[in-house]
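Shown next, in C-alpha cells, is the structure this report addresses.
Here the structure is a predicted model, which means the values were calculated and not measured. Numbered from 1 within each chain, the chains take letters A, B, ... in sequence-line order.
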2 protein chains.
Amino acid sequence: MVVDLHPAQADLVFHALADATRRDILTVALAGEQSVSALARRYPISLPAVQKHVTVLERAGLVTKHRHGREQLVRVEIDTLDRARRLLDELEAVWRERVGRIDAILSTNEGAPK
Amino acid sequence: MVVDLHPAQADLVFHALADATRRDILTVALAGEQSVSALARRYPISLPAVQKHVTVLERAGLVTKHRHGREQLVRVEIDTLDRARRLLDELEAVWRERVGRIDAILSTNEGAPK
DNA sequence: AAGATCTACAACCATACGGTTTCAGATTAG
DNA sequence: CTAATCTGAAACCGTATGGTTGTAGATCTT
C-alpha cells in the first residue's frame, strides 16, 4: 500500500498534532462539528488564537471549514488523520523490519573485526 | 488498553516527527546506530544543527545516546514510536466511533426542525 | 433600520525554532 | 606527548509560532 502523504504534508500534519489544544479541537469538532466561536468558548484563549489553531489544522488538511449562515462550521477530515496514522504505521513497520535485520547481522558479526 | 504517553510527551513526540530531517535520522539510525558526526555527514547542515535534532528526538524519548569511546551512538527507542502510533490509533478509533454516532444521530434527525 | 454576533484580517509582542560560528573538553591515533 | 577527531555548549541571527488587541465586514435578530 502506498502512502499518499508527501513529506511536506507529513510535516504539517505532525506539527498540527503537536499541540494539545489542537488535538482537543479535533476531538470536540468530531463530537459536534461546532462553529469556530463555539470552539473558542471552550478554551481560556482568545477567539483569534483559536482561529489560528483551526487554520493550522486546515493547512494540514485535518479539517475543512463550511459556512453555514454566519457561522463557520469546522469539519474533521478523518481520512487525512487516517493517512497520518498509516504513515506512522508504515514507518514503524519499516523500522521494525530493519531492527530484525540488524539483530541478524549482529548475531553473525559477534567477535568480527571492527 | 491504556495510552502510557502523557499529553505533554505527545506534544514532544509529534513535534519531533514534524521534521523530515528528524524522521530521516530515525530511519538512518535504525539502519546502523551511527554516531552523531556520522549522521551529520549525511546532511547539508552543520554538525551542531544535527546535534540539536538529535536532542529534540532525545527529549521526545524517541532515541537515546550511548557513549562508545569518543563517539556517541544514537539508538532508536522503537517502543516510544510504537506508543505514538498506538496513541494516534486510539485517537482515531475514538474519532471514528464518534463519527458513527453522529451518522446515527443525523439519520434519525432527517427533516427534524433545525 | 438597528443592534448583536460570528468571522476575518492586520498589527504587534514575546518566545521558540533551526540554523550558523566559535570555543572548550575528552578521547583516540601517531 | 602531540595532533586529530568527536562531542557539547554558548552566543547569535532570522524567521516562525502562539498569543494579544483592535478594526471591519457579513449575517442574523428584533
Side-chain angles (χ1 to χ4, degrees), chain A residues 7-29 32-76 113-114, chain B residues 7-29 32-76 113-114:
Chain A
Q9 200 186 353
D11 288 10
L12 295 178
V13 171
F14 284 129
H15 171 250
L17 291 174
D19 183 288
T21 300
R22 286 195 287 265
R23 289 194 300 272
D24 195 69
I25 287 178
L26 282 178
T27 305
V28 172
E33 198 174 270
Q34 310 195 5
S35 66
V36 177
S37 57
L39 287 170
R41 282 185 228 108
R42 307 182 110 260
Y43 308 102
I45 60 181
S46 68
L47 170 65
V50 175
Q51 283 182 9
K52 288 188 180 182
H53 281 306
V54 171
T55 299
V56 171
L57 292 168
E58 200 177 14
R59 276 198 324 225
L62 285 167
V63 304
T64 51
K65 288 188 291 190
H66 302 270
R67 171 147 278 147
H68 198 256
R70 81 183 140 179
E71 295 183 332
Q72 194 91 257
L73 297 186
V74 176
R75 175 185 308 166
V76 178
K114 60 174 175 180
Chain B
Q9 200 186 353
D11 288 10
L12 295 178
V13 171
F14 285 128
H15 171 249
L17 292 173
D19 185 286
T21 300
R22 285 194 289 264
R23 289 195 299 271
D24 194 71
I25 286 177
L26 282 178
T27 305
V28 171
E33 197 173 271
Q34 312 197 3
S35 66
V36 177
S37 57
L39 286 170
R41 283 185 227 108
R42 308 182 109 261
Y43 307 102
I45 58 181
S46 67
L47 170 66
V50 175
Q51 283 182 11
K52 287 189 180 182
H53 281 307
V54 171
T55 300
V56 170
L57 291 167
E58 199 177 16
R59 277 198 323 224
L62 284 167
V63 305
T64 51
K65 288 187 291 189
H66 302 269
R67 171 146 277 149
H68 198 256
R70 80 181 141 180
E71 295 182 335
Q72 193 92 259
L73 297 185
V74 175
R75 175 185 308 165
V76 177
K114 61 173 176 180

Quick one: side chain to side chain contact (heavy atoms under 4.5 Å, CB included) partners of A:Glu71, sequence neighbours excluded?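 Scan of A:Glu71 (side chain to side chain contact (heavy atoms under 4.5 Å, CB included), adjacent residues dropped) gives A:Ser35, A:Leu73.
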Non-neighbouring partners of B:Arg75 that pass side chain to side chain contact (heavy atoms under 4.5 Å, CB included), sequence neighbours left out: B:Glu33, B:Thr64, B:His66, B:Glu77
Protein and nucleotides 7-10 of chain C: nitrogen or oxygen contacts under 3.5 angstrom:
residue : atom : partner : partner atom : Å
C:dT7   : OP1  : A:Val36 : N            : 3.4
C:dT7   : OP1  : A:Gln72 : N            : 2.5
C:dT7   : OP1  : A:Gln72 : O            : 3.3
C:dT7   : OP2  : A:Ser37 : N            : 2.5
C:dT7   : OP2  : A:Ser37 : OG           : 2.6
C:dT7   : O3'  : A:Gln72 : NE2          : 3.3
C:dA8   : OP1  : A:Lys65 : NZ           : 3.4
C:dA8   : OP1  : A:Gln72 : NE2          : 2.5
C:dA8   : N7   : A:Gln51 : NE2          : 3.3

Between B:Leu12 (CG) and C:dA16 (P), how many Å, whole number?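 For the pair B:Leu12 CG and C:dA16 P, the rounded distance is 13 Å.
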Please name the pair of heavy atoms, one in A:Ala29 and one in A:Val76, separated by the smallest distance, quoted to 0.1 Å.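 Smallest interatomic distance, heavy atoms only, reads CB-CG2, 3.7 Å.
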To the nearest 0.5 Å, atom OG1 of A:Thr21 lies from atom CG of A:Leu57 at 10.5 Å
If you round to the nearest 0.5 Å, how far is CZ of A:Arg42 from CG of A:Asp24? 6.5 Å
If you look only at pairs with a residue in residues 48-60 of chain A, which of them pass as a salt bridge (Lys or Arg N to Asp or Glu O under 4.0 Å), with sequence neighbours excluded?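 Listed once each, the pairs are A:Glu58-A:Lys65.
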Would you mind telling me which residue lines up with the more 5' stretch of DNA chain D, A:Ile45 or A:Gly69, judged by nearest nucleotide? A:Ile45
B:His15 side chain reached by B:Arg22 side chain, heavy atoms, under 4.5 Å: yes
Under the side-chain hydrogen bond (donor to acceptor under 3.5 Å, both in side chains) test, residues paired with A:Asp11 that sit two or more places apart: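 Here the qualifying residues are B:Arg23.
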Of all nucleotides in DNA chain D with an atom under 4.0 Å from a non-hydrogen atom of chain A, which is the first and which the last going 5' to 3'?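 Reading along DNA chain D, I get D:dG18 to D:dC28.
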